[in-house]
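Note that the coordinates shown come from a computational prediction; the quantities given were computed from them, not determined experimentally. Below, each value reflects all heavy atoms present in this structure, side chains not excepted, and no hydrogens, waters or symmetry copies. Lettering follows sequence order; numbering is per chain, from 1.
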2 protein chains.
Amino acid sequence: MPPQTADLQDDGPIIRQSLPAEVATRLRDLITQGQLAPGARLNEVALCAQLGVSRTPLREAVRRLAGEGLVELVPARGGVVRRLTLKDAADSLTVLKALETLAGRLACAAATEAGIADVAALHAAMLDRYAARDRLAYFKLNQAVHTAIVALSGNETLAWAHGAIQARMKHLRFIGNAGERKWADAVAEHEEMVRALAARDGEALAEVLALHLDRTLDRVAPLI
Amino acid sequence: MPPQTADLQDDGPIIRQSLPAEVATRLRDLITQGQLAPGARLNEVALCAQLGVSRTPLREAVRRLAGEGLVELVPARGGVVRRLTLKDAADSLTVLKALETLAGRLACAAATEAGIADVAALHAAMLDRYAARDRLAYFKLNQAVHTAIVALSGNETLAWAHGAIQARMKHLRFIGNAGERKWADAVAEHEEMVRALAARDGEALAEVLALHLDRTLDRVAPLI
DNA sequence: CAGCTTCATACTGCATACAGTATGGACTCC
DNA sequence: GGAGTCCATACTGTATGCAGTATGAAGCTG
C-alpha cells in the first residue's frame, strides 16, 4: 500500500494531466509534423475518432491552439491550421530575436552552474544526433536548447511568450532542416551559443542569438 | 486572441462576433476592474446567471483567459483569477520593455503620417481626460496609446504578444493611478513619447518607453 | 475536548443531443 | 450551354444531463 502523499516528484504514474492539455499536445505535434497541413480544416468528429476523445475536450484543445496562434477560428467553420506568410515568419523571428537576446543577457547573469551544465548536456546530445543525421531527434533537441536558455533567464513571462511564438514556427523549422550546408551552419551557431553561455558573456550570447535567428529567416524563407 | 481594439468605436453593428469572445471581454473587464478579485474562484453557474449565457460559452471564455494568463486552471476546481506576485509584475514589465522599445524603433521607421497623427489624437484625448481627472477614461486612453504605438510597428506577432502581456497588468495599472505626483510623471513621459514619435526619432522613443516602463514598476510595486 | 472518519453537497469535467448555418450539387430557366 | 436558384447534407455552436471529485460539516472515538 503506497503512502498517498505523492507531492514531490510526481513520477507521473496515476495522475493524468487534464485531457484537453494532452489532446492539445497531440494536435500540436500533428501540425508541426505536417499531418495537419496549413490551411486544413479541423474536422471535429474526424479528429475525435482519430484521437479517441469526445468533442468537448477536443474543442477545448482547438481553442487553446487558437489562443497560441497556431490555428485560426472562422465563425461557423471551426478551426483551420494557420498558414504562415513570409511576413508572419519574419515578424515572429523579429520578436523571437528581441526575446532571446533579452533571455541570453538575463541567463548569463542569473543562471546556476547546474543550469548551464544542463544546456551544455542538451547541446552535446544534439551534436550526437546531428552526427547520426537523426533529423527528428536533432530538431527536438535544438528546440530544447533554445527553450532551456530562455528558462535560465528565470523570467516566466518571457518563457511563456517565447514558447508561444516558437510553437508557431515549429512546422517551418521542422521541414527546414534540409540542406547539409545550412544545417552545419546552424550547428556551428549553436556551438557559439553554448560557449558564450558557459563564459557567462551576455553580450556575446545575445549577438550570436541574433545572428542565429536572422539566419533562421534565410533558412526557412525558401519554404514559404 | 485579436488585439483588443474594440474600446472606442465599434458600436457592434449587425454582425455579432462570437459569443465566447464577447463573454471573454466582459470577464476581462470584471477582472481588471476588480469585481473578480485576484485569487477568487470563477463559479461557472453563478457567472452564467450573471452574464446570461450557458455554461459552454462561458467555459470557453474562461479557457481563453487562461491561455492569456489571466486566470489559472486548477484541476477539478476550475478557474481562479491569477494573483500576480511582485516578481510576476517585474517579469512582465521587463518583457514589455523589450517589446515596446522594439516596437518604438520599428514604428518610427514604418509608420505612416496618418498613423502618427492617430496616436497624437489619442494622446490629446488622454490629456483632456487627465485635466478632467476622469480616471477610467484616462486609463483606457493610456492603454490605447501604447497599443497604437505597437500597432504602428506593423508587426502582428509583436502586437499579439504585447496585447497578451499588457492584459495581465491591466488590473494593477487600473488601481495604480492613485497619487497626483506619480500621475503627473506618467503624463509627462507620455508627452515625451509622442514627441519622439512625431520626430521619428526611434532611439529617443525607445529610451523614453524604457524609462516609462521602469517607472511603471515603481508605481505599481506598492500595490502588491 | 481534540482529532479522525464518514457522509452529504456542490461544483467541475465530460459526453451527447439539438439547433442554426454554410457548402456543394442538381435542377431549372434564360 | 451557362448561370442562377433551391435544397439536401454535413458541420459547427450551444445547451443540458451525468459522473467523478473536492469540500465542509457532523458524528464518533480516544
Response to the item:
To the nearest angstrom, the CG-C1' distance between A:L51 and C:dC14 comes to 16 Å
Worksheet item: Using a cut-off of less than 4.0 Å, is there contact between a side-chain N or O of B:T56 and OP1 or OP2 of D:dT14?
Response: no
Worksheet entry | Residue pairs fulfilling salt bridge (charged side-chain N to carboxylate O under 4.0 Å, His left out) with at least one residue in residues 48-57 of chain A, sequence neighbours excluded | A:E44-A:R55
Item to complete: Could you tell me how the ring of B:H190 sits relative to the ring of B:H123: parallel (under 30°), tilted (30 to 60°) or perpendicular (over 60°)?
Response: parallel
Worksheet, complete the sentence: With B for base contact, S for sugar-phosphate-only contact and - for none (protein heavy atoms under 4.0 Å), nucleotides 8-13 of chain C reads ---SBB
For residues 99-108 of chain B, please give each side-chain donor-acceptor pair under 3.5 Å, one per line with the distance, not counting sequence neighbours.
residue: B:E100; atom: OE1; partner: B:H146; partner atom: ND1; Å: 3.0
residue: B:E100; atom: OE2; partner: B:H146; partner atom: ND1; Å: 3.3
residue: B:E100; atom: OE2; partner: B:H162; partner atom: NE2; Å: 2.7
residue: B:T101; atom: OG1; partner: B:K97; partner atom: O; Å: 2.8
residue: B:T101; atom: OG1; partner: B:A98; partner atom: O; Å: 3.0
residue: B:R105; atom: NE; partner: B:E203; partner atom: OE2; Å: 2.9
residue: B:R105; atom: NH2; partner: B:E203; partner atom: OE1; Å: 3.3

Worksheet item: For B:R64 and B:E60, what are the C-alpha separation, side-chain angles and deciding distance, and is it a salt bridge (charged side-chain N to carboxylate O under 4.0 Å, His left out)?
Response: CA-CA 6 Å; B:R64 221 175 267 216; B:E60 183 174 330; 3.2 Å; yes
Practice prompt. Measure the CD-CD1 distance between B:E113 and B:I116 for me, rounded to the nearest 0.5 Å.
Written response: 5.0 Å
